[in-house]
Novice: 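Got a structure for you, questions after.
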Amino acid sequence: MGLQLYNSLIRRKAEFKPRSKGRVGVYVCGPTVYGHAHLGHAKSYVSFDVLVRYLRYLGYNVTYVQNITDVGHLTDDADAGEDKIAEAAKREQMHPMALAEYYTRSYFDDMDRLNCLRPDISPRASGHIIEQIELVKTLLQKQYAYEANGSVYFDVSKFKNYGKLSGRNVEEMIAGARVEPSPDKKNPVDFALWKKAEPNHIMQWPSPWGMGYPGWHLECSVMSMKYLGKTIDIHGGGLENQFPHHECEIAQSEAANGQQFVRYWLHNNMVTVDSQKMGKSLNNFVTLKQAFSGAHERLTRSYDPPAIRQLILNSHYRSPLDFSDAALFAAQSGYERITETVKTLRKRLAAAPQGLAAEDLAKQLALLTERFEGAMNDDLNTAVALSVMFELVRLTNKLLEDGGQTIDSLAAIDALFTKLGGDVLGLVKDEYPHSPAADEARIDRVVKIIIEQRAKARKLKDFARADALRAGLDEAGIILEDKPDVTEWRWK
RNA sequence: GGCGGCGUAGCCAAGAGGCCUAAGGCGACGGUUUGCAAAACCGUUAUUCGUCGGUUCGAAUCCGACCGCCGCCUCCA
C-alpha cells in the first residue's frame with residue numbers, strides 16, 4: 001500500500017496519486033508577515049515540511065510553493081477591518097513593505113532553525129497584483145462577481161459548491177450570519193475580491209475599478225495557479241483556514257477555470273498552550289524566538305529548535321498539540337537521546353574494524369525501515385515513525401555497548417539514521433559542528449587547566465611532570481611561554 | 001444556536017473490532033556498569049482506555065446517552 005493521506009474534501013484517507021506521474025505540486029498557505037512566527041506556525045510548517053520531505057523520499061519530484069502574505073489580509077472580514085500589515089506598520093512606525101520584509105526574514109530564520117526546507121517558490125502577494133486583477137476580471141466576465149462602489153465581491157449564490165470543503169450550507173449561513181452585512185454586498189456571505197482603498201490607505205494599486213487592493217483569499221488562488229497550474233495536487237494549511245479562506249479559494253478558482261482546483265486538501269490541527277487556545281488576547285502567545293531563548297514566563301529554560309520540531313512530530317498533524325514547558329522538556333530530553341546516539345555512532349564508525357555488515361543486523365534494519373514507511377504511509381503518522389527511531393536508538397546503543405561492530409555494520413545504521421531521521425523527519429543532522437568561537441573558548445579553558453597543573457608541579461619541584469605536560473602540549477601544537485608571573489600559550 | 005473534533009499511565013502520545021493482559025518518549029523507582037559523575041544497558045511503572053448502557057463469540061476500537069474539554073462559524077498557522 002502506498003501513501004494514504006486524509007483528504008479534508010472527502011473526509012477520509014485516500015491513496016495519494018499525483019496528477020502527473022512522478023511529479024507533485026504542493027501549495028501551503030504561508031504566513032501573514034506582520035509579527036514574529038509563533039508555535040502555531042511551527043506546527044503547521046513542520047508538518048508540511050515532513051510531507052514534502054517524505055514525498056521526496058518516495059521519489060517524487062516535488063515543487064513546493066508557500067506564499068508570503070504581505071497585503072490584503074484584513075483584521076476583520078466585515079468591511080470595517082484594516083489591513084494587518086498596514087496596521088502593524090503604523091504601530092511600529094515602519095513602511096509597510098519594510099515591515100513585511102523584516103518579518104519575512106524573521107520567519108525564514110525561524111524556519112531554518114526548525115530545519116524546515118525552504119519552499120521552492122515563496123511568492124509575495126504584493127508581487128502578484130496584476131495576476132490578481134486579471135482573475136477578478138475573469139470572474140466579473142463570467143458573472144461570478146459584481147462590482148459595487150469601487151469594490152468587487154464574489155457572488156456566492158452563483159457557485160453551488162460553496163461550502164463543500166467545510167460542510168457548510170449557504171442558506172443556513174446567510175440565515176445565521178453574525179456580522180452585519182456590508183451594504184455593498186448582495187449576500188452577507190459574499191466575500192471581497194478587490195477592495196476600494198480610502199485615500200489615506202498606504203498600500204493601493206490602480207485597477208479597472210479604481211484605486212484599491214486585493215482581498216486576502218485571492219492571492220492563494222492566483223499564485224498556486226501561476227506556479228502549479230489550474231489543478232494542483234496538494235494544498236495544505238491550518239484547520240482554522242478551512243473556512244472561509246480555503247472555501248473562498250475553491251470558489252474563485254473553480255469558477256474562473258471550470259475545473260477542480262485542489263485534489264488533496266490537508267489541514268493541520270491547532271496549537272494550545274497549557275490547554276488554552278493560543279491567542280494574543282489571552283496573553284499566552286509564545287513566539288519561536290521566545291521558545292528558543294526561554295524568554296517567556298511559561299518556560300523554565302531555553303529549548304533547542306530541533307526539540308520543538310521533535311515535540312511537533314511526536315503527535316499527529318491532525319491532532320491538536322498542547323505546548324507546555326513539561327512537554328517541551330520531555331521532547332528536549334528525547335532529542336538529546338537520539339543526538340547522543342548518532343554522535344557516538346559516528347565517532348565509533350571512524351575507528352571501526354573493516355568488515356561486512358552483520359546479516360541479522362541488515363534484517364533488523366530492513367524491518368525498522370518497513371515499519372517506518374508503514375507509519376508514514378498511514379497519513380504521515382510521525383509519532384509512530386519517531387518511535388521507530390527510538391527503537392533504532394536502543395538497537396544502536398546495545399551494539400555499541402557490545403563493541404566489535406564492523407565499519408559496514410555501523411555505516412548501515414548511520415545511513416538509516418541519516419535517511420529516516422534526517423532526510424525525512426529532519427531531526428538527525430548530517431554534522432554536528434561546534435561553533436568555532438565556542439571551540440576557541442573551550443580550548444583556552446582546557447589549556448589553562450593544564451597550565452595550572454604544570455604550575456602546581458613546578459611549585460612541588462616535580463620538574464619531570466611539569467616538563468612532560470609542556471612536551472605534551474608541544475606535541476599538540478601549543479607553545480607555553482613562562483612570563484614572570486603568568487604562563488601564556490600560543491599556537492605553534 | 002449550527003458544524004466538526006477530542007477524552008488512553010504522573011506528563012506527552014500511538015493504536016480505530018480479535019496480533020492489545022495497549023507502541024514510543026519524558027519522568028519516577030530498582031538493578032548492571034562506575035573512585036565520583038555523566039552516558040548507556042536491564043527491569044518495574046494502564047488486567048485497562050471519561051462515565052453508564054447496548055451491539056458482538058469478542059470493543060480502547062462500533063452504536064446510544066451522559067459528563068468534561070477544544071476548534072470553526074469574525075482575524076489567526
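A note on names: the letters A, B, ... follow the listed sequences, proteins ahead of strands, and every chain is numbered from 1. Atoms considered below: every heavy atom in the structure, side chains included; atoms not considered: hydrogens, waters and symmetry mates.
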Novice: Taking A:Glu431 first and then A:Arg346, would you say they form a salt bridge - that is, a charged N and a carboxylate O separated by under 4.0 Å?
Specialist: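 No salt bridge links A:Glu431 with A:Arg346.
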Novice: Would you mind classifying the nucleic acid contact of A:Thr344 as base, sugar-phosphate or nothing, using non-hydrogen atoms under 4.0 angstrom?
Specialist: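 A:Thr344: no heavy atom of the nucleic acid under 4.0 Å.
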Novice: Tell me whether the side-chain N/O atoms of A:Lys398 come closer than 4.0 Å to OP1 or OP2 in B:C42.
Specialist: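 Affirmative; the distance criterion is met.
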Novice: Quick one: which of B:C73, B:C41, B:A14 gets closest to the side chain of A:Ala383?
Specialist: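 In terms of side-chain proximity for A:Ala383, the closest of B:C73, B:C41, B:A14 is B:A14.
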Novice: Could you tell me how far B:A46 sits from B:G25 if I compare only their P atoms? Round to whole Å.
Specialist: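 The same atom, P, in both gives a distance of 16 Å.
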Novice: Would you measure the distance from the C1' atom in B:A14 across to the matching atom in B:G1 and give it in whole Å?
Specialist: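 Going atom to atom, C1' in each nucleotide, I get 36 Å.
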Novice: Scan every strand shown for a Watson-Crick or G-U wobble partner of B:U56, both distances under 3.5 Å, and answer none if you come up empty.
Specialist: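 Base partner found: none.
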Novice: State plainly whether the residues A:Lys448 and A:Glu452 are in salt-bridge range, i.e. N to O under 4.0 Å.
Specialist: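 A:Glu452 and A:Lys448: not salt-bridged.
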Novice: If you compare every side-chain N and O of A:Asn397 against the phosphate oxygens of B:C41 (OP1, OP2), does one of them come in below 4.0 Å?
Specialist: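 Yes, because at least one side-chain N or O of A:Asn397 sits under 4.0 Å from OP1 or OP2 of B:C41.
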Novice: Starting at CZ of A:Phe390 and ending at P of B:G24, how long is that distance when rounded to a whole Å?
Specialist: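 Going from CZ in A:Phe390 over to P in B:G24 covers 11 Å.
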Novice: Suppose we define a pair by two distances each less than 3.5 Å, Watson-Crick or G-U wobble; what does B:C66 pair with here?
Specialist: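 Pairing partner, where one exists within any strand: B:G50.
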Novice: Could you please name the option among B:G15, B:C12, B:G24 that lies closest to any side-chain atom of A:Asp378?
Specialist: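 Closest nucleotide among those given: B:G15.
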Novice: Measure from OH on A:Tyr6 to C1' on B:A14 and round the result to the nearest Å.
Specialist: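 Computing the A:Tyr6:OH to B:A14:C1' distance gives 18 Å.
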Novice: How far, in whole Å, is B:A38 from B:U61 if one measures between their C1' atoms?
Specialist: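 Pairwise C1' distance, B:U61 against B:A38, rounds to 43 Å.
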Novice: Using heavy atoms to find the nearest nucleotide of RNA chain B for A:Leu321 and A:Gly238 separately, return the residue whose nucleotide is more 5′.
Specialist: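 Looking at RNA chain B, the more 5' nearest nucleotide goes with A:Leu321.
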Novice: Does A:Ser333 place a side-chain N or O at less than 4.0 Å from the phosphate oxygens OP1/OP2 of B:G27?
Specialist: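 Answer is yes, contact under 4.0 Å.
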Novice: If you measure from the C1' atom in B:C49 to the same atom in B:A16, how many Å do you get, rounded?
Specialist: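 The same atom, C1', in both gives a distance of 12 Å.
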Novice: In Å, rounded to the nearest 0.5 Å, how long is the span from NE2 of A:His235 to SG of A:Cys220?
Specialist: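 Reported to 0.5 Å precision, the distance equals 5.5 Å.
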Novice: Can you measure A:His246 atom NE2 to B:A77 atom C1' for me and round it to whole angstrom units?
Specialist: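 Nearest whole value for this atom pair: 10 Å.
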Novice: Under 4.0 Å between any heavy atoms, over every strand shown, what does A:Glu340 touch: base, sugar-phosphate, or nothing? Just pick one.
Specialist: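 Nothing, no nucleic acid heavy atom in range.
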Novice: Given B:A77, B:G24, B:C41, which nucleotide is nearest the side-chain atoms of A:Cys29?
Specialist: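 Between B:A77, B:G24, B:C41, the one nearest the side chain of A:Cys29 would be B:A77.
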Novice: For A:His245 and for A:Leu386, locate the closest nucleotide of RNA chain B by heavy-atom distance; then report the residue assigned to the nucleotide nearer the 5' terminus.
Specialist: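 That would be A:Leu386.
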Novice: Out of B:C75, B:A23, B:A77, which has the shortest distance to the side chain of A:Lys84?
Specialist: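 Output: B:C75.
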Novice: Regarding A:Lys164 and A:Glu254, does a basic nitrogen lie under 4.0 Å from an acidic carboxylate oxygen?
Specialist: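 Yes.
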Novice: Would you indicate which nucleotide in B:A14, B:C75, B:C11 comes nearest to any side-chain atom of A:Trp216?
Specialist: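 Shortest atom-to-atom distance from the side chain points to B:C75.
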Novice: Could you tell me which nucleotide pairs with B:C29 by Watson-Crick or G-U wobble geometry, both distances under 3.5 Å, or answer none if nothing does?
Specialist: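 Across all strands, the one nucleotide that pairs with B:C29 is B:G43.
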Novice: Can you tell me the distance, in whole Å, between the CD atom of A:Glu391 and the P atom of B:C41?
Specialist: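 Interatomic distance, CD of A:Glu391 to P of B:C41: 13 Å.
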Novice: A:Pro244 side chain: which of B:C26, B:A14, B:C73 is closest?
Specialist: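 Of the options given, the side chain of A:Pro244 lies nearest B:C73.
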Novice: For nucleotides B:G7 and B:G50, find the distance between their P atoms and express it as a whole number of Å.
Specialist: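 Straight-line distance between the two P atoms is 7 Å.
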Novice: Using only side-chain N and O atoms of A:Arg11, determine if any of them is under 4.0 Å from OP1 or OP2 of B:C3.
Specialist: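 Looking at the OP1 and OP2 atoms of B:C3, neither is under 4.0 Å from any side-chain N or O of A:Arg11.
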Novice: Taking only the side-chain nitrogens and oxygens of A:Thr32, find out if one of them lies under 4.0 Å from OP1 or OP2 of B:A77.
Specialist: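 For A:Thr32, the contact criterion (side-chain N or O under 4.0 Å from OP1 or OP2 of B:A77) is met.
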Novice: On a whole-Å scale, what distance lies between the C1' atoms belonging to B:G64 and B:A28?
Specialist: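 Straight-line distance between the two C1' atoms is 40 Å.
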Novice: Should B:C36 form a Watson-Crick or G-U wobble pair with both distances under 3.5 Å, which nucleotide is its partner?
Specialist: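 The answer is none; no pair meets the criterion.
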Novice: Where the side chain of A:His316 is concerned, which of B:C12, B:G25, B:A14 is the nearest nucleotide?
Specialist: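 Among B:C12, B:G25, B:A14, the one nearest the side chain of A:His316 is B:A14.
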Novice: Measuring to OP1 and OP2 of B:G24, would you say a side-chain N or O of A:Asn314 lies under 4.0 angstrom away?
Specialist: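 Result: no.
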Novice: Taking the six-membered ring for Trp and the single ring otherwise, decide whether the centroids of A:His36 and A:Phe285 are under 6.0 Å apart.
Specialist: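 No, ring centres 6.0 Å or more apart.
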Novice: In whole Å, what is the span from the CG atom of A:Leu328 to the C1' atom of B:G25?
Specialist: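 So the CG-C1' distance, A:Leu328 to B:G25, works out to 14 Å.
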Novice: For A:Ser324, which contact category applies under a 4.0 Å heavy-atom criterion: base, sugar-phosphate, or nothing?
Specialist: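 The residue A:Ser324 makes no contact with any strand.
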Novice: Could you tell me how far B:A23 sits from B:C70 if I compare only their P atoms? Round to whole Å.
Specialist: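 Per the computed distance, 30 Å lies between those P atoms.
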Novice: Would you call A:Asp49 and A:Arg309 a salt bridge, taking side-chain N to carboxylate O under 4.0 Å as the test?
Specialist: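 A salt bridge is present here (some side-chain N lies under 4.0 Å from a carboxylate O).
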Novice: Nearest to the side chain of A:Met270, heavy atoms from C-beta on, is which of B:G71, B:C12, B:G25?
Specialist: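 Shortest atom-to-atom distance from the side chain points to B:G71.
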Novice: If you only use heavy atoms from C-beta on, which nucleotide in B:C12, B:C75, B:A14 is closest to the side chain of A:Leu311?
Specialist: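 Of the candidates, B:C12 comes closest.
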Novice: Can you tell me the distance, in whole Å, between the CD atom of A:Glu247 and the C1' atom of B:C3?
Specialist: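 For the pair A:Glu247 CD and B:C3 C1', the rounded distance is 12 Å.
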Novice: May I ask you to say what A:Gly40 touches in the nucleic acid, namely base, sugar-phosphate or nothing, with a heavy-atom cut-off under 4.0 Å?
Specialist: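 Contact class for A:Gly40: base.
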Novice: Rounded to the Å, how far apart are A:Arg371 CZ and B:C19 C1'?
Specialist: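 One finds 13 Å between C1' of B:C19 and CZ of A:Arg371, rounded.
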Novice: Return the value, rounded to whole Å, for the distance between atom CG of A:Leu392 and atom C1' of B:G25.
Specialist: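 Distance check: A:Leu392 CG to B:G25 C1' gives 15 Å.
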Novice: Between B:G17 and B:A60, how far apart are the P atoms? Round to whole Å, please.
Specialist: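 Between the two P atoms, the distance is 13 Å.
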Novice: Do NZ/NE/NH1/NH2 and the carboxylate oxygens of A:Asp233 and A:Arg263 come within less than 4.0 Å?
Specialist: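 Salt bridge between A:Asp233 and A:Arg263, a charged N being under 4.0 Å from a carboxylate O: yes.
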Novice: Using a heavy-atom cut-off of 4.0 Å across all strands, would you classify A:Arg318 as base, sugar-phosphate, or nothing?
Specialist: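 Nothing, no heavy atom under 4.0 Å.
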Novice: Just name whichever nucleotide pairs with B:C3, Watson-Crick or G-U, keeping both distances under 3.5 Å, else none.
Specialist: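 When the pairing criteria are applied, B:G71 turns out to be the nucleotide that pairs with B:C3.
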Novice: Using a strict cut-off of less than 4.0 Å between a Lys/Arg side-chain nitrogen and an Asp/Glu carboxylate oxygen, indicate whether A:Asp378 and A:Lys13 qualify as a salt bridge.
Specialist: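 Here A:Asp378 pairs with A:Lys13 in a salt bridge, since their nearest N and O are under 4.0 Å apart.
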Novice: Any side-chain donor paired with an acceptor under 3.5 Å for A:Asn67 and A:Thr69?
Specialist: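 A donor-acceptor contact under 3.5 Å links the two side chains.
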Novice: Using Watson-Crick or G-U wobble geometry with both distances under 3.5 Å, which nucleotide pairs with B:A23?
Specialist: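 Paired with no nucleotide.
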Novice: What nucleotide, of B:A13, B:C72, B:G25, holds the atom closest to the side chain of A:Ser315?
Specialist: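 So the nucleotide nearest the side chain must be B:A13.
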Novice: What does A:Val271 touch in the nucleic acid at a heavy-atom separation under 4.0 angstrom: a base, only the sugar-phosphate, or nothing?
Specialist: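 The answer is base, as A:Val271 lies within the cut-off (heavy atoms under 4.0 Å) of a base atom.
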